[in-house]
Engineer: 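Sharing a structure, written as structure tokens. Questions coming.
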There are 2 protein chains.
Amino acid sequence: MCNQCNYENLLNASDLNATDNRLRVLEVIGNNSYPLSAADIFTTLKRTCSINRVTVYRILDLLVERGIVDRISTGGRAFYYGMAPNENHHPHPHFYCTRCGQMDCLTQDSLNVDTKALWKTFPGRIDKVEVRVDGICKNCMK
Amino acid sequence: MCNQCNYENLLNASDLNATDNRLRVLEVIGNNSYPLSAADIFTTLKRTCSINRVTVYRILDLLVERGIVDRISTGGRAFYYGMAPNENHHPHPHFYCTRCGQMDCLTQDSLNVDTKALWKTFPGRIDKVEVRVDGICKNCMK
DNA sequence: CATTCAATGCAATAAATTTGCATTGAGATT
DNA sequence: AATCTCAATGCAAATTTATTGCATTGAATG
Ligand SMILES: [Mn+2]
Ligand SMILES: [Mn+2]
Ligand SMILES: [Zn+2]
Ligand SMILES: [Zn+2]
């Protein structure tokens with residue numbers, strides 16, 4: 001749940017018109033405390049407005065391309081989406097429950113990843129380092 | 001490329017009959033120096049023997065379930081497969097080129113991930129920690 | 001008022017994987 | 001030997017997730 005980010009500003013700063021649909025998608029992602037799948041986002045939006053599934057996919061592509069939203073891979077087949085790192089959102093690892101598909105945010109320092117050496121030596125371009133922990137969540141353990 | 005692993009033993013140790021197809025899938029994965037997609041594996045096998053795509057998927061599921069092979073997520077839509085950590089294969093991060101889809105193994109120490117704290121405090125079951133670097137590979141940079 | 005174009009919708013398609021059911025063939029059982 | 005059984009595999013259809021092509025709309029611009 002993010003109270004700091006101004007979604008309209010984020011869109012404008014990336015030269016994107018702040019349309020209702022874009023704002024809605026961004027709010028669903030930003031107001032949630034863990035990453036969501038495109039299906040999750042679509043289902044949530046459908047409850048309060050009329051929007052097409054394809055529009056959600058297209059907006060997500062756009063937001064990812066502009067670096068506003070992060071596309072996060074899971075141990076499953078669907079991508080999940082969360083706010084990309086910015087002044088209010090620091091990079092952090094995620095936990096994916098292979099039983100229920102719920103994804104959680106882990107604290108920034110729960111896993112300590114030192115990427116300095118790699119950045120120096122890697123002979124290509126590095127865009128992103130993704131750390132994901134897979135397992136069974138507390139709820140599903142019972 | 002692995003010369004240490006005895007694939008037949010690995011299968012037997014997991015109570016799996018060492019069928020020709022299972023050995024072939026495991027050899028393709030083990031003899032390769034980077035993870036492959038199911039399609040890669042299928043294409044490779046089709047060149048020298050007659051095997052069904054579904055059989056490949058089923059064998060991969062089985063090998064993953066038994067912990068012989070690791071299912072590795074990418075920034076793309078398909079899973080990749082590599083030898084699971086064992087005495088000859090230590091856990092390590094991977095690099096995924098978002099342009100050509102090639103996945104590379106990074107050295108165990110190119111990224112230093114400290115998971116001790118998490119293991120102590122996490123209120124669920126942890127099966128796996130996956131670290132993936134996304135970007136553009138040396139070849140695709142040109 | 002006419003034109004343009006970004007945003008969206010709708011239907012069809014694609015890619016990757018999974019499922020259901022049939023077939024096969026190597027032992028085990030009679 | 002004939003029959004039975006069952007794990008392994010094959011083949012076709014279905015599922016899941018995402019993408020593409022083309023039509024529509026409506027606000028901004030001239
Ligand atoms: Mn997160
Ligand atoms: Mn590897
Ligand atoms: Zn769970
Ligand atoms: Zn590449």
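Here is the naming used below: chain letters follow the sequence lines, and residue numbers restart at 1 for every chain. Atom set for the values below is all heavy atoms of this structure, side chains included, hydrogens, waters and symmetry mates excluded.
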Engineer: Which heavy atom in A:Lys128 sits nearest to a heavy atom in A:Asp70, and how many Å separate them?
Structural biologist: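 Here A:Lys128 and A:Asp70 meet closest at CE-OD2, 4.0 Å.
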Engineer: Report yes if a side-chain nitrogen or oxygen of B:Thr19 is closer than 4.0 Å to either non-bridging phosphate oxygen (OP1 or OP2) of D:dT9; otherwise report no.
Structural biologist: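 Answer is yes, contact under 4.0 Å.
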Engineer: To the nearest Å, how far apart are A:Arg24 CZ and C:dT8 P?
Structural biologist: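 About 9 Å, once rounded to whole Å.
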Engineer: Measure from the ring center of B:His94 to the ring center of B:His92 and say whether it is less than 6.0 Å.
Structural biologist: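 Yes - the distance between ring centres of B:His94 and B:His92 falls below the 6.0 Å cut-off.
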Engineer: For C:dA7, does OP1 or OP2 lie under 4.0 Å from any side-chain N or O of A:Asn21?
Structural biologist: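 Checking C:dA7 against A:Asn21, no side-chain N or O comes under 4.0 Å of OP1 or OP2.
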Engineer: D:dA18 phosphate, OP1 or OP2: any side-chain N/O from A:Tyr57 under 4.0 angstrom?
Structural biologist: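 A:Tyr57 to D:dA18 OP1/OP2: side-chain N or O found under 4.0 Å.
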Engineer: Tell me the interatomic distance from B:Asp61, atom CG, to D:dA8, atom C1', rounded to whole angstroms.
Structural biologist: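 So the two atoms are 15 Å apart, to the nearest Å.
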Engineer: To the nearest angstrom, how far is B:Leu63 atom CG from C:dT17 atom P?
Structural biologist: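 Atom CG in B:Leu63 sits about 15 Å away from atom P in C:dT17.
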Engineer: Kindly say if A:Asn52 contacts the phosphate of C:dT8, meaning a side-chain N or O under 4.0 Å from OP1 or OP2.
Structural biologist: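 No, because none of the side-chain N or O atoms of A:Asn52 sits under 4.0 Å from OP1 or OP2 of C:dT8.
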Engineer: Figure out the CZ/P separation between B:Phe79 and D:dA18, and round it to whole Å.
Structural biologist: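 About 11 Å, once rounded to whole Å.
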Engineer: Find which nucleotide of DNA chain C each of A:Val54 and A:Arg22 is nearest to by heavy atoms, and output the residue with the more 5' nucleotide.
Structural biologist: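 Its nearest nucleotide lies further toward 5', so the answer is A:Arg22.
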Engineer: Provide the closest heavy-atom pair for A:Cys49 versus A:Arg24 in the form atom of the first, atom of the second, distance.
Structural biologist: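 Minimum heavy-atom contact is SG-CD, 3.6 Å.
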Engineer: Evaluate the ring planes of B:Tyr96 and B:Tyr80, with Trp represented by its six-membered ring, and classify them as parallel (under 30°), tilted (30 to 60°) or perpendicular (over 60°).
Structural biologist: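 Geometry flag for B:Tyr80 against B:Tyr96: perpendicular rings.
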Engineer: I'd like to know if A:Arg58 reaches the base of D:dT19 with its side chain such that a donor and an acceptor end up less than 3.5 angstrom apart.
Structural biologist: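 Checked by distance alone, the answer is no.
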Engineer: How many Å lie between CZ on A:Phe42 and C1' on D:dA18, as a whole number?
Structural biologist: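 After rounding, the gap between these two atoms is 13 Å.
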Engineer: In terms of the nearest nucleotide of DNA chain D, which residue is placed more toward the 5' end: B:Arg77 or B:Ile51?
Structural biologist: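 Nearest nucleotide further toward 5': that of B:Ile51.
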Engineer: In this structure, how many angstroms lie between the C1' atom of D:dA7 and the CG atom of B:Leu16, rounded?
Structural biologist: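 Atom CG in B:Leu16 sits about 11 Å away from atom C1' in D:dA7.
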Engineer: Between A:Leu60 (CG) and C:dT8 (P), how many Å, whole number?
Structural biologist: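 Rounded to the whole Å, the gap is 12 Å.
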Engineer: A:Cys5 and A:Leu10: which non-hydrogen atoms are nearest, and at how many Å?
Structural biologist: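 Scanning both residues completely, I find the closest heavy atoms to be CB-CD1, 4.3 Å.
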Engineer: Given atom CG of A:Leu11 and atom C1' of C:dA6, what is their separation to the nearest angstrom?
Structural biologist: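 The distance from CG of A:Leu11 to C1' of C:dA6 comes to 14 Å, rounded to the nearest Å.
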